[in-house]
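Throughout, protein chains are lettered first and strands after them, A, B, ... in sequence-line order, and every chain is numbered starting at 1. What you are looking at is a predicted structure, and each value in this text was computed from that prediction instead of being measured.
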Amino acid sequence: MTVRVRFAPSPTGELHIGGVRTALFNWLFARNQGGKMILRIDDTDQQRSSQKFLQTILDSMQWLGLGWDEGPRAGGDFGPYFQTQRLTIYQEEVKKLLDSGKAYLCFCSPEELARQKEINAQKGLPPRYSGACRNLSYQEIEEKKKAGQNYVIRLRVPEEGETVVEDLIRGRVTFENKIFDDFIIVKSDGFPTYNFASAIDDAKMEITHVIRAEEHLSNTPRQQILCGQLGFSTPVYAHVPMILAPDHSKLSKRHGATSVQEYREMGILPEALINYLALLGWSPGGDREVINIEEMIALFSLDKVGKNASIYDLKKLTWLNSHYLRTKEKELIGEMMVPFLQKEKMISGELTEEEKTYVEQVVDLVREKVKTLQEVADASIYFFSEDFPYDQAEMAKHFGREGAELVIKEIGNTLSDAEPFQKETIKLKLKALSDNLSLPLSKINIPARLALTGRTMGPDLLDIMTLLGKEKVLQRLKKAELLCQGR
RNA sequence: GGCCCCUUCGUCUAAUCGGUGAGGACACCAGCCUUUCAAGCUGGCAGCAGGGGUUCGAAUCCCCUAGGGGUCACCA
């Protein structure tokens, strides 16, 4: 039997890192097992679902390289892959349950239910449904329907016995059936609830393994009961641990960057995010930290997934990102830089081949010093514009000093003779100048760097000079002379 | 509150059948390197939640306590 797994996001928000990690584990498992990855859209929440979120989720998945074999944009034999397009399938199953008395209509209004819950809460009882409509007569039902009363459909849950979930990660988990009340399977708007639609779709789509977050573990017995009533066999379950925010609470917007989209905009590389997320809750064994996707696929197995929730730590993500930033081909990083450079107005329009090469050279110099693509852009301004900012504090320190102007002037003089204008010749010139002026090399390099870049830290000075070219270097040194005078 | 899950350095984690000086990574600190800042290299700090058992021997098995998380929605 071929493995079929599914990732079933609901388009009610952006794809967050918890969701991606779940998607990743599904994807790795499918690839490792030679199985299929299905993407299903659980969009039964009419109020909150939106087309915009759907697009973002699909884009995020594709950006990360987590492709799917069946689903939106891919098609497949088990469609449709949107729950809102599967209504007739659910209706068919509802009818069976209703006809056999395994489900019933409930006319209690949300207000009534809320009141019941409040009463229960006051008595210290769990907030469960009273069962008021459990045994309505046929006549009562017809009357209420005729009166136009809204209703939901509830599943009649057996009060005796227990339901056992055999979880690949947690082991055997037992629930007493009496703790469940008759839960809703069809909402008053006619749409199925999550537990209902999910159980049906997993069965109809022939999903073999349901790999999802631990928050669903408590829902699993309900789905198993449903499968039993529906006559479906249950898939194998694997509940992966949750990802928690640094304050140990459940992830939410107030925790800063939590969506894939945000990391992308920040300049995190997809492979860094994947690598980081893979290490959260799973270990490839040994002392591996940096691991590429092919190795992950080869090594992935659910029994190496841990049981405890993990807290995400941006520092490690950032470290991995700087690693990939530094080691990936500069041509590829150059391409990825384009939107960032455009955003900062450092480039515009289509790049010529020459410009592409220049961007790559800049990237190659700057990336050693920073951790994200955005930081590459921030650290590259002086390579793209004459109108770059000068660090005021450093200016005061290095240009405000007695004799600063003279040093800058001397640097300009000596460099104007540097021919060809290359690292070795420049190096010799600067060294000679340091000897002539009896100044340590740093007293020359630092002002020069400040003059050329507006800051005192950055890539190798000689590399900056050669990439900028003689003309710009001399021009900026002239400008710096004036800045010294105007102190 | 009921039910369920979980508990190894600050964080992510490793430790085949119980026998380890409890290993690695990020972060942090120090040194080296160095024209700046990084990177890199070397070293350091730091952990088995607590208590009972079982055993010659427990991070590992059992029980209790504590703590954290999840769930109990006409959200998924």
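- For Lys187(A), the NZ atom counts as densely surrounded, since its 6.0 Å shell holds more than 12 non-hydrogen atoms of other residues, nucleotides or ligands.
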**Request:** Begin from the C-alpha positions of Tyr390(A) and His398(A) and carry the test ring pair (Phe, Tyr, Trp, His ring centres under 6.0 Å) through to its verdict.
**Result:** CA-CA 12 Å; Tyr390(A) 289 83; His398(A) 298 285; over 10 Å; no

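- Ion pairing between Asp463(A) and Lys423(A) holds under the 4.0 Å rule for side-chain N and carboxylate O.
- Rounded to a whole angstrom, the distance from the C1' atom of C6(B) to that of A27(B) is 25 Å.
- For A39(B), there is no paired nucleotide, since no Watson-Crick or G-U wobble pair has both relevant distances below 3.5 Å.
- A59(B) and U13(B): their C1' atoms are spaced 14 Å apart (whole Å).
- Of the side-chain N and O atoms in Thr44(A), one or more sit less than 4.0 angstrom from OP1 or OP2 of A76(B).
- The interatomic distance linking Glu159(A) (CD) with C3(B) (C1') rounds to 17 Å, in whole Å.
- Pairing partner, A25(B): U11(B), with both Watson-Crick or wobble hydrogen-bond distances short of 3.5 Å.
- For a distance-only test at 3.5 Å, the side chain of Ser218(A) fails to qualify as a donor-acceptor partner of the base of C4(B).
- The cationic group of Arg154(A) does not satisfy the cation-pi geometry with Tyr104(A), failing either the under 6.0 Å distance to the six-membered ring centre or the 45° limit from the ring axis.
- Side-chain contact check for Asn195(A) and Gln223(A): at least one donor-acceptor pair (N or O, by modelled atom type) lies under 3.5 Å.
- Here C48(B) sits opposite no nucleotide as a Watson-Crick or G-U wobble pair (both hydrogen-bonding atom distances under 3.5 Å).
- A cation-pi arrangement is present between Arg21(A) and Phe25(A), with the terminal nitrogen or guanidinium carbon under 6.0 Å from the aromatic centre and inside a 45° cone about the axis.
- Classified by interplanar angle (parallel below 30°, tilted 30° to 60°, perpendicular above 60°), the ring pair Phe388(A)/Tyr382(A) is perpendicular.
- Comparing the P positions of A15(B) and U34(B) gives a spacing of 41 Å, expressed to the nearest Å.
- When the side-chain nitrogen and oxygen atoms of Thr456(A) are compared with OP1 and OP2 of C37(B), none of them lie within a distance under 4.0 Å.
- Straight-line distance between the P atoms of C37(B) and C29(B): roughly 15 Å, to the nearest whole Å.
- Taking the six-membered ring where tryptophan is involved, the planes of Phe180(A) and Phe175(A) are tilted, since the angle between them lies from 30° to 60°.
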Quick test: give all pairs of protein nitrogen or oxygen and nucleotides 7-10 of chain B nitrogen or oxygen below 3.5 Å, distance rounded to 0.1 Å.
unit_1	atom_1	unit_2	atom_2	d
U8(B)	OP2	Asn308(A)	ND2	3.3

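- The partner of C61(B) is G53(B), judged by Watson-Crick or G-U wobble contacts that both fall below 3.5 Å.
- Lys316(A) has its NZ atom 9 Å from the P atom of A25(B), to the nearest Å.
- Using C1' as the reference atom, U60(B) and C17(B) are 11 Å apart when rounded to the nearest Å.
- The NE2-P distance, from His239(A) to A76(B), rounds to 16 Å in whole Å.
- Rounded to whole Å, atom C1' of C3(B) lies 13 Å from atom CG of Asp181(A).
- Checked by distance alone, Glu289(A) brings a side-chain donor or acceptor within 3.5 Å of a matching partner on the base of G24(B).
- Nucleotide G1(B) forms a pair with C72(B), judged by Watson-Crick or G-U wobble geometry with both contacts under 3.5 Å.
- Distance noted for atom P between C48(B) and G23(B): 13 Å (whole Å).
- In this model, the phosphate group of C75(B) is approached by a side-chain N or O of Lys187(A) to a distance below 4.0 Å at OP1 or OP2.
- Taking atom C1' in both G18(B) and G57(B), one finds a spacing of 8 Å when rounded to whole Å.
- Summary of the strand contacts: Gly281(A) and Tyr194(A) both lie near RNA chain B, and taking for each the nucleotide with the nearest heavy atom, the more 5' one is attributed to Gly281(A).
- Atom pair Asp435(A):CG and U35(B):P shows a separation of 14 Å (rounding to whole Å applied).
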